[in-house]
Amino acid sequence: MNQDELKQAVAKAALDYIRPQLESDTILGIGTGSTANYFIDGLAALRHDFDGAVASSEASAQRLKSHGIPVYDLNSVGGFEFYIDGADESNEYLQLIKGGGAALTREKIVAANAKTFICIADESKMVDILGQFPLPVEVIPMARSYVARQLVILGGDPVYREGVVTDNGNIILDVFNLQIVDPKKLELQINQLAGVICNGIFAHRPADVLLLGTSNGVKRLKAK
Ligand code: 5RP
C-alpha cells in the first residue's frame, strides 16, 4: 500500500473505533490534514448518527459543512469524548509533532477538550526521537525575528514558512535540526518565549490511542 492508501486505512479504522459509541448528542473533535480529511469524508455516511463536530481549522470546518455535518463553536459545547487527528511524527509514548498544516494551536485547544485523542497516521510518522520533522511554531508576526533568535539558542534552525498565515492571523516558524529528547521540557520552554502562541509538540497532551497504518494492517497502539 502507498502512503495515501495507509492514510485511508487508518481513517476507516478510526470510524470503526468510534461508530459503536456514537449517540444522537455526540460531538466529535476533528483535526486537520490529509488523513483527517479521509476521516471527515468517511464521517459523512454517519452524519445522522451523531450531533456534530468542533473543527481545528477553517479548512476542516468547511469540509465538514460540505458533508452536511453541523460545526459548533468550541465555546458553545462542553468537553467531549473523542478528538481524531493526524500527526507529523509520533514516538512510542504517543507524544507528537503536529502543525504541518499550520493548525497546531487550534488542534491543541480542541485536543485539550477531549477525553480520548485518537491519532491516525501512516507508519512513516513513527520515530524513536521527535524532531526529524521540522517543529512548527506559531508566532505573532512582530515577534518573528526575536523568537527565531531564541530558537537558535535552543539549538534549532528556524525557517519562516513563506506565504502562510494561520487561521489566527499569525506566522509559522519551522524549526529544523532539533533532537527532542525531552519533549515535555522543550514544549514548555518554547511556549514561554514572548511572542510564541503555541508550538507543535504534543507531549503534555499526547495521543491516547494511535491507529498506525502499516503494510501489515492497522495497528492500535497505546502510550508506553
Ligand atoms: C496539521 C497537522 C496534521 O495533522 C499533520 O500535518 C499531518 O498531516 P497529514 O495527515 O496530511 O499527513 O498537524 O496542522
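In each ligand, atom 1 is the first atom listed, and ligand 1 is the first ligand listed.
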- Message: For N216 and T214, which I'm curious about, is there any donor-acceptor pair between the side chains at under 3.5 Å?
- Response: no
- Query: Is atom OH of Y93 surrounded by more than 12 heavy atoms (other residues, nucleotides or ligands) closer than 6.0 Å?
  - Reply: no
- Query: Above 12 or not: heavy atoms from other molecules or residues under 6.0 Å from CG of D128?
  - Reply: no
- Message: So if I only count non-hydrogen atoms and take anything under 4.0 Å from ligand 1, which residues does that give, chain by chain?
- Response: K7, T32, G33, S34, T35, D85, G86, A87, D88, K98, G99, G100, G101, A102, A103, E107, K125
- Item | Where at least one partner belongs to residues 164-175, residue pairs that pass side-chain hydrogen bond (donor to acceptor under 3.5 Å, both in side chains), sequence neighbours excluded | R106-N168, E138-T166, E138-N168, E138-N170, R161-D174
- Message: Under the side-chain hydrogen bond (donor to acceptor under 3.5 Å, both in side chains) definition, can you give me all pairs with a residue in residues 16-28, not counting sequence neighbours?
- Response: K12-D16, D16-R19
- Message: Suppose we screen for ring pair (Phe, Tyr, Trp, His ring centres under 6.0 Å). Which residues come up paired with F117, at least two apart in sequence or across chains?
- Response: Y83
